[in-house]
> 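There's a structure below that I have some questions on.
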Amino acid sequence: MAEIITLDFQNISIFIFLCLFSLLCYGLFFKKPKGFHLPPSPPSLPIIGHLHHLLSSLPHKSFQKLAFKYGPFLHLRVFNFPIVHVSSASMAYEIFGTHDVNVSYRFVPVNKDSLVFGSSGFVTAPYGDYWKFMKKLISTKLLRSHAIELSRGIRAEEVRRFCLDLLDKARKKESVEIGKEALKLTNNIICRMSMGRSCSEENGVAERARELVNKSFALSVKLFFSNIFRKEIMGVSREFDEFLERILVEHEEKLEGTQDRDMMDYLLEAYRNEEAEYKITRKQIKSLIVEIFLGGTDSSAQNIQWTMAEILNKPNVFEKLREEIDSVVGEKRLIQESDLPNLPYLQAVVKEGLRLHPSAPLLLRVFGESCEIKEFYIPEKTTLVVNLYAVNRDPDSWEDPDLFKPERFLASSGSGEEEKIREQALKYVTFGGGRRTCPAVKLAHIFMETAIGAMVQCFDWRIKGDKVYMEEAVSGLSLKMAHPLECTPVVRFDPFSF
Ligand code: HEM
């Protein structure tokens, strides 16, 4: 009995101590000017704050659940880390519109010397001169309409290769994992667009890049604990470094007089230019290439897989899509990029897939300075979490938010419809928002529209069971299918037989 009482007394003392300590931390971290209020906050526990609400395998859904109960603009705390969570289209619009510059800093684990999320990166860079210089360079040389036009031939060849591989599998009656095939496609294209003449599926460079991307993704959670996993992180970084150094040297040797230039050529040109607005380093070139691979290949492939899963579950959408493609492309050739502007239903299907399944469901930024949003006070250095998943499914903005309805993105001929579509674009945040928004929206749409278009045009698809299982899983910060989509292609039309 005496033991129990002593134990209880100890527990109570520990509890009181934790409460006082927690209050002290809270007071220190949330000092705010008199008369200002933090955004609403759900009940929290001493020390851990709101952590218990967020512990789940699908953090975007835990945050969304809290938002349904307590509102779309929340102040949360995980230990000493203050967080502001945004989950409605109107609040996201306010943040990316009025407070854009103040939230243009990312919350990322920066591993000082590493090429993977290291301090020399563009994605990790604070908003400033280096970021502005690189953003201009990648936009003009790789991602804006004119640059995209110049690389159209590369993508046409790779989509052709993608279809030939699927035709081969179909003839052998083998099943395919759509995500894996799509990753091969996006990886090959990005490899050739960024490091051009050095890589192809045949010489093994594209495959090596894919291997290193997979190793980097396997690190994703460990990147947040860089002190513990430093050796492993630096190991992958070194492998990337050796791989890219070899390709850089090849580019330097062949730079003079090269006609078809790739992203690495332009980066090398900026690196050698003494008069450039910003003097970039060799390490920054390599970091950018790594980031383009990490940011562009898996995200696009995941979205191809999710969208294909949606349309396999809805035969009426599949049929409508096929009818549109047949009527525009005809029955003698493979769909190509120049067809895309004439395929509004395909565009709508892809947009709807991206709306429901954003590959990065949570966007993490940091408030550079303290500010006031609506009538609430946000202290400087507060982490901003924009729940892209929840914003894209905000019931105040979308009718039947959880249903796959591509028609919502189609403008009918009636007046006011275009205006409705424009408004919807503001509520659609799969690619983020403000000045740090994804610079590759156009390219990502092209990847998805051509890949899905080709798969619908050329094949029927056999799935196991009646329906594709749509359960979600999160790996690192990416939203994946818990059960990767596996199905068997059956040749419907071989565009290469003519
Ligand atoms: C479906 C495909 C894609 C999705 C869903 C996607 C999504 C995103 C998101 C959510 C962000 C963060 C935006 C923000 O902070 O507001 C981002 C940033 C970025 N993405 Fe994408 N992305 C895709 C494809 C690509 C591709 C193909 C590339 C490159 C070829 C790319 C390159 C980048 C880069 C460089 C950034 C960093 C921009 C910055 O920090 O200023 N992304 N992307």
Side-chain angles (χ1 to χ4, degrees), residues 60 86 92-93 95-97 99-101 103-108 110 117 121-128 130-139 141-144 147-148 151 154-155 179 182-183 185-195 209 213 262-263 267 284 287-307 350-366 384-389 391-392 428-452 477-480:
H60 58 287
V86 167
Y93 186 60
I95 299 264
F96 290 137
H99 300 274
D100 184 24
V101 175
V103 296
S104 285
Y105 305 86
R106 292 201 184 284
F107 176 86
V108 278
V110 174
F117 287 112
F122 163 75
V123 177
T124 50
Y127 176 60
Y130 170 61
W131 178 83
K132 286 182 194 162
F133 180 78
M134 279 304 214
K135 166 95 177 190
K136 195 163 144 197
L137 197 65
I138 59 170
S139 300
K141 303 299 185 197
L142 188 73
L143 300 173
R144 282 214 190 117
I148 288 184
S151 53
I154 291 176
R155 290 186 298 281
L183 184 61
L185 170 71
T186 56
N187 182 77
N188 285 354
I189 296 177
I190 287 196
C191 204
R192 290 182 62 191
M193 284 176 70
S194 54
M195 311 188 302
V213 167
D262 56 48
M263 189 63 207
L267 288 164
Q284 284 168 333
S287 293
L288 179 73
I289 301 278
V290 170
E291 288 174 339
I292 287 177
F293 272 99
L294 295 184
T297 55
D298 190 61
S299 52
S300 310
Q302 290 301 330
N303 277 115
I304 290 171
Q305 180 182 216
W306 274 114
T307 308
V350 163
K351 238 178 163 185
E352 184 68 339
L354 284 160
R355 182 185 72 83
L356 281 178
H357 310 287
S359 50
L362 296 175
L363 185 69
L364 307 184
R365 305 267 194 90
V366 174
L384 168 69
V385 176
V386 184
N387 194 331
L388 305 185
Y389 182 92
V391 173
N392 280 353
Y428 167 83
V429 288
T430 296
F431 293 96
R435 63 200 65 207
R436 294 301 292 250
T437 195
C438 179
V441 178
K442 192 171 164 58
L443 186 63
H445 275 269
I446 291 175
F447 284 174
M448 292 188 63
E449 287 164 18
T450 46
I452 288 169
L477 291 174
S478 317
L479 182 62
K480 314 244 168 185

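Both ligands and their constituent atoms are indexed starting at 1 by order of listing.
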> Enumerate the atoms of ligand 1 whose separation from the nearest heavy atom of Thr437 is less than 4.0 angstrom.
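Those atoms are 13 (C), 14 (C), 16 (O).
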> Measure from NZ or CZ of Lys135 to the centre of the six-membered ring of Tyr130, then state whether that distance is under 6.0 Å and the direction lies within 45° of the axis.
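Not satisfied by the 6.0 Å and 45° rule.
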> State, with a plain yes or no, whether a side-chain heavy atom of Phe117 is found less than 4.5 Å away from one of Ser287.
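With C-beta onward as the side chain, the pair stays apart.
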> Identify the closest protein heavy atom to atom 37 (C) of ligand 1: which residue and atom is it, and at what distance?
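For atom 37 (C) of ligand 1, the nearest protein heavy atom is Val123 CG2, 3.7 Å.
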> Per the side-chain contact (heavy atoms from CB on, under 4.5 Å) rule, which among Leu143, Ile292, Leu142 passes with Pro439?
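Single pass found, and it is Leu143.
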> Got the closest protein heavy atom to atom 24 (C) of ligand 1, with its distance?
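Minimum-distance protein heavy atom for atom 24 (C) of ligand 1 reads Ser299 OG, 3.5 Å.
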> Got the closest protein heavy atom to atom 41 (O) of ligand 1, with its distance?
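Answer, as residue, atom name and distance: Trp131 NE1, 2.8 Å.
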> Name the closest protein heavy atom to atom 27 (C) of ligand 1, giving the residue it belongs to and the distance to 0.1 Å.
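Closest protein heavy atom to atom 27 (C) of ligand 1: Gly296 CA, 3.5 Å.
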> Atom 34 (C) of ligand 1: which of Pro439, Ala301, Ser478 has the nearest heavy atom?
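Ranked by closest heavy atom to atom 34 (C) of ligand 1, first place is Pro439.
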> Please check this pair: side chain of Asn387 against backbone of His60, looking for a donor-acceptor N/O pair closer than 3.5 Å.
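Yes, because the side chain of Asn387 sits within donor-acceptor range (under 3.5 Å) of the backbone of His60.
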> Could you see which bit of Cys438 sits under 4.0 Å from ligand 1, with heavy atoms only: side chain, backbone, both or neither?
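It is both backbone and side chain that touch ligand 1.
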> Heavy atoms only, cut-off 4.0 Å: how does Glu291 contact ligand 1, side chain, backbone, both, or neither?
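No part of Glu291 comes within reach of ligand 1.
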> With heavy atoms under 4.0 Å as the rule, classify the contact between Thr297 and ligand 1 as side chain, backbone, both or neither.
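The answer is neither; Thr297 stays 4.0 Å or more away.
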> Would you say Arg144's side chain and Lys136's backbone share a donor-acceptor pair under 3.5 angstrom?
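Side chain of Arg144 to backbone of Lys136: no pair is present.
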> May I ask you to list the atoms of ligand 1 that are less than 4.0 angstrom from any heavy atom of Thr430?
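The list of qualifying atoms is 5 (C), 7 (C), 10 (C).
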> Using a strict 4.0 Å cut-off to heavy atoms of Leu354, name the atoms of ligand 1 that fall inside it.
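Under 4.0 Å from Leu354, ligand 1 has these atoms: 1 (C).
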> Strictly distance-based, threshold 3.5 Å: is any side-chain N or O of Thr297 a donor or acceptor partner for the main-chain N or O of Leu183?
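No; judged by distance alone, with no hydrogens or angles, the pair does not exist.
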> Please report which non-hydrogen protein atom sits nearest to atom 13 (C) of ligand 1, along with the residue it belongs to and the distance in Å to one decimal place.
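Heavy-atom neighbour on the protein nearest atom 13 (C) of ligand 1: Arg436 O, 3.1 Å.
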> Can you check whether Ser104's main-chain N or O pairs, donor with acceptor, with Arg436's side chain at less than 3.5 Å?
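Yes: the side chain of Arg436 pairs with the backbone of Ser104.
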> Nearest protein heavy-atom contact for atom 31 (C) of ligand 1: which residue, which atom, what distance?
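Answer for atom 31 (C) of ligand 1: Ala440 CB, 3.6 Å.
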> Would you say Asn303 and ligand 1 have an N/O pair spaced under 3.5 Å apart?
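Between Asn303 and ligand 1 (N or O atoms, distance only) the closest approach is not under 3.5 Å.
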> Heavy-atom contacts with Gly433 under 4.0 Å: which atoms of ligand 1 show up? List them by number with element.
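Numbered from 1, ligand 1 contributes 16 (O).
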> So which heavy atom in the protein is nearest atom 12 (C) of ligand 1, and how far is it from that ligand atom?
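Ranked first by proximity to atom 12 (C) of ligand 1 is Leu363 CD1, 3.6 Å.
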> Mind checking whether Arg365 contacts ligand 1 via backbone (N, CA, C, O), side chain (CB onward), both or neither, at a 4.0 Å heavy-atom cut-off?
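Contact part for Arg365 vs ligand 1: side chain (C-beta onward).
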> Please report which non-hydrogen protein atom sits nearest to atom 15 (O) of ligand 1, along with the residue it belongs to and the distance in Å to one decimal place.
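Result for atom 15 (O) of ligand 1: Arg106 NH1, 2.8 Å.
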> Show me which atoms of ligand 1 lie under 4.0 Å from any heavy atom of Ser300.
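Near Ser300, meaning under 4.0 Å from one of its heavy atoms, ligand 1 has 1 (C), 2 (C), 27 (C).
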> Quick one: does any side-chain atom of Asp100 pair with a main-chain N or O of Ile95 as donor and acceptor, under 3.5 Å?
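Looks like no, no N/O pair under 3.5 Å.
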> I'd like to know if the side chain of Arg365 reaches the main chain of Val103, judged simply by a donor and an acceptor atom lying under 3.5 Å from each other, with no hydrogens or angles considered.
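Such a contact is found between Arg365 side chain and Val103 backbone.
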> Is there a donor-acceptor pair closer than 3.5 Å between any side-chain N or O of Arg155 and the backbone N or O of Ile148?
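Side chain of Arg155 to backbone of Ile148: a pair is present.
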> Check whether any side-chain N or O of Glu291 sits under 3.5 Å from a backbone N or O of Val123 as a donor-acceptor pair, and report yes or no.
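Side chain of Glu291 to backbone of Val123: a pair is present.
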> Do the non-hydrogen side-chain atoms of His357 and Gln305 ever get within less than 4.5 Å of each other?
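No. Closest side-chain heavy atoms not under 4.5 Å.
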> Under 4.0 Å from any heavy atom of Gly432, which atoms of ligand 1 are there?
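Once the distances to Gly432 are compared, the set is 10 (C), 13 (C), 14 (C), 16 (O).
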